[in-house]
Protein chains: 2
Amino acid sequence: MQVSARGEYAVRIAVTLVTGHPRTISASSLASAQQLPRKFAEVILGDLRRAHLVDSVRGVEGGYRLARPPARISVGEVLRAVDGPLSEVRGRRPEETSYEGAAVNLPRLWVAARAAVRSVLDEVSLEQAASGDFPVSVKELAAEEDAWLPR
Amino acid sequence: MQVSARGEYAVRIAVTLVTGHPRTISASSLASAQQLPRKFAEVILGDLRRAHLVDSVRGVEGGYRLARPPARISVGEVLRAVDGPLSEVRGRRPEETSYEGAAVNLPRLWVAARAAVRSVLDEVSLEQAASGDFPVSVKELAAEEDAWLPR
DNA sequence: CTTGAATCCTACTTGATAGATAGGATATGC
DNA sequence: GCATATCCTATCTATCAAGTAGGATTCAAG
């Protein structure tokens, strides 16, 4: 699971929008709240808008707001909007892979791995991401001591 | 979870080594068995050797073999050997991230997502990857219908 | 109906990285 | 000493991530 700078920034921006919801917040405010380059934040907000995750209002007093209630947008959606598919294998979707010989069973493995990623990122809403009150299954994953150790 | 060409190739090579274990197999044979560029396969096998996942034998009748029994090497180890950490957020380990404001809870989320990835890739051995006889939890993930659908 | 603050659009730069390929030096068994 | 391997160093090319630049467009308030 590689999250790019864009992806990280997008999620940080999104949870910041949660706090002010449903007021609009300008790109400058969002950028300074999370200490991101303003222009880059604008680009990312453009992606989120085209994915219909945020609405924008132009002009003075304008800015951005979440297009749906914070409980009904998942972190996974935000990441997909800016980074593309959550899981890829050599640039292909897991279910599109196909091998011969000893590797014939790998597609099932790739699909299972993607399902595991989804079970976290698609099950956590922006509201939960902002509050820290994740679903039980996610809390359990983060509560394991080993989960915090590098490998 | 992004798996690079190197990563995919490495796993395909590794499961091919399972089938012949503990005989040595040459880079050329491995490459043609999985239809990979021979020279690139050599590079990857070098990575696996330096990670102590395979042993090599030089000279005629030489080649590569798994350094441990196929049941005691995980797919995750193979991927790490060639691609680095399974999960990164903006180039950092999940537990190394830190944010202010509305994003303070994100590190726990990143860690949970990594744990989910690990629960698949680190729990499946090369033997299981070759046979398709995955752990029950992994089989269940792959058995879900939705798991095979793109999002 | 102008002004200021905001979004929006197009283009560009810069550096790093993936995915190879090339050629040969080195080791080994027969 | 010869055939067959691994192993080492170097190079290439295209793509992409990350960020910057400049200005055109929109809109509410006064």
Side-chain angles (χ1 to χ4, degrees), chain A residues 2-13 17 20 23-67 79 81-85 88-92, chain B residues 2-13 17 20 23-67 79 81-85 88-92:
Chain A
Q2 308 289 332
V3 177
S4 68
R6 295 169 75 87
E8 191 207 56
Y9 293 173
V11 175
R12 289 164 69 187
I13 287 169
L17 285 173
R23 293 196 324 274
T24 69
I25 308 180
S26 71
S28 309
S29 302
L30 291 166
S32 73
Q34 285 294 320
Q35 308 172 85
L36 315 175
R38 188 191 110 246
K39 276 294 198 182
F40 199 23
E42 283 186 20
V43 172
I44 290 164
L45 282 159
D47 288 341
L48 296 179
R49 178 177 53 78
R50 281 181 289 273
H52 305 292
L53 295 178
V54 305
D55 291 331
S56 64
V57 178
R58 299 178 86 160
V60 181
E61 300 288 299
Y64 300 85
R65 79 167 70 86
L66 296 173
L79 290 173
V82 298
D83 273 353
E88 287 185 328
V89 177
R90 205 186 148 207
R92 293 184 182 76
Chain B
Q2 308 288 335
V3 177
S4 68
R6 294 168 75 88
E8 191 206 57
Y9 293 175
V11 176
R12 288 165 67 189
I13 287 169
L17 285 172
R23 293 197 323 272
T24 70
I25 308 182
S26 72
S28 311
S29 301
L30 291 165
S32 72
Q34 285 295 318
Q35 307 173 83
L36 314 176
R38 187 191 110 244
K39 276 296 199 181
F40 199 21
E42 281 185 23
V43 172
I44 290 165
L45 282 159
D47 288 341
L48 296 178
R49 178 177 52 79
R50 280 181 290 274
H52 305 292
L53 295 178
V54 305
D55 291 330
S56 62
V57 178
R58 299 178 85 160
V60 181
E61 299 288 297
Y64 300 86
R65 77 166 70 89
L66 296 173
L79 289 173
V82 298
D83 274 352
E88 287 186 327
V89 177
R90 202 185 152 209
R92 292 183 184 76

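Heavy atoms only: backbone and side chains are in, while hydrogens, waters and symmetry mates are out. Below, read A as the first sequence line, B as the second, and so on, with proteins coming before strands; counting in each chain starts at 1.
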Minimum-distance nucleotide to [X] side chain [options: [options]]:
X: A/Ala27; options: C/dT7, D/dG19, D/dC8; value: C/dT7
X: A/Ser56; options: D/dT6, C/dC8, C/dG29; value: C/dC8
X: B/Arg58; options: C/dA20, D/dG23, C/dT26; value: C/dT26
X: B/Ala5; options: D/dC8, C/dA6, C/dA20; value: C/dA20

For [X] and [N], is the shortest distance between a side-chain N/O and OP1 or OP2 below 4.0 Å?
X: B/Arg49; N: D/dC7; result: yes
X: A/Ser4; N: D/dA18; result: yes
X: A/Tyr64; N: C/dA6; result: no
X: B/Tyr9; N: C/dA20; result: yes

Item to complete: Before accepting this row, confirm whether a basic side-chain N of the pair A/Arg12/A/Glu8 lies closer than 4.0 Å to the acidic partner's carboxylate O.
Response: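 Here A/Arg12 pairs with A/Glu8 in a salt bridge, since their nearest N and O are under 4.0 Å apart.
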Item to complete: Identify whether the distance between the nearest side-chain nitrogen and carboxylate oxygen of B/Glu88 and B/Arg92 falls below 4.0 Å.
Response: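 Salt bridge absent between B/Glu88 and B/Arg92.
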Worksheet item: More 5' along DNA chain D: A/Phe40 or A/Val60, using each one's nearest nucleotide?
Response: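 Going by which nucleotide is closer to the 5' end, it is A/Phe40.
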Find the distance [X]:[atom1] to [N]:[atom2] and express it as a whole number of Å.
X: B/Asp83; N: C/dA18; atom1: CG; atom2: C1'; answer: 10 Å
X: A/Arg38; N: C/dA5; atom1: CZ; atom2: C1'; answer: 11 Å
X: B/Gln2; N: C/dT17; atom1: CD; atom2: P; answer: 17 Å
X: A/Glu8; N: D/dA17; atom1: CD; atom2: P; answer: 16 Å
X: B/Arg65; N: D/dT6; atom1: CZ; atom2: P; answer: 12 Å
X: A/Glu88; N: C/dG19; atom1: CD; atom2: P; answer: 12 Å
X: A/Arg6; N: D/dC16; atom1: CZ; atom2: P; answer: 12 Å
X: A/Asp55; N: C/dA6; atom1: CG; atom2: C1'; answer: 16 Å

Discussion item. For a quick check, tell me whether the side chain of B/Lys39 and the base of C/dG19 share a donor-acceptor pair closer than 3.5 Å.
Written reply: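 Result: no qualifying N/O pair found.
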Worksheet item: Can you find an N or O donor on one side and an acceptor on the other, under 3.5 Å apart, linking the side chain of B/Glu42 with the base of D/dC7?
Response: yes
Fill in: Side-chain donor or acceptor of B/Ser4 paired with backbone N/O of B/Gly7 under 3.5 Å
yes
Discussion item. What's the separation between atom OG in B/Ser28 and atom NZ in B/Lys39, rounded to the nearest 0.5 Å?
Written reply: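 These two atoms lie 9.5 Å from each other.
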Fill in: Most 5' of A/Gly62 and B/Gly7 on DNA chain C, judged by nearest nucleotide
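Nearest nucleotide further toward 5': that of A/Gly62.
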Discussion item. On DNA chain C, compare the nucleotides closest to A/Gly59 and A/Arg50; which residue's is nearer the 5' end?
Written reply: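 Result: A/Gly59.
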Worksheet item: Within a strict 4.5 Å, meaning less than it, do heavy atoms of the B/Val89 and A/Gln2 side chains meet?
Response: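 No; the side chains remain at least 4.5 Å from each other.
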Fill in: Minimum heavy-atom distance between B/Thr24 and B/Gly63, given as atom pair plus value
CB-C, 4.0 Å
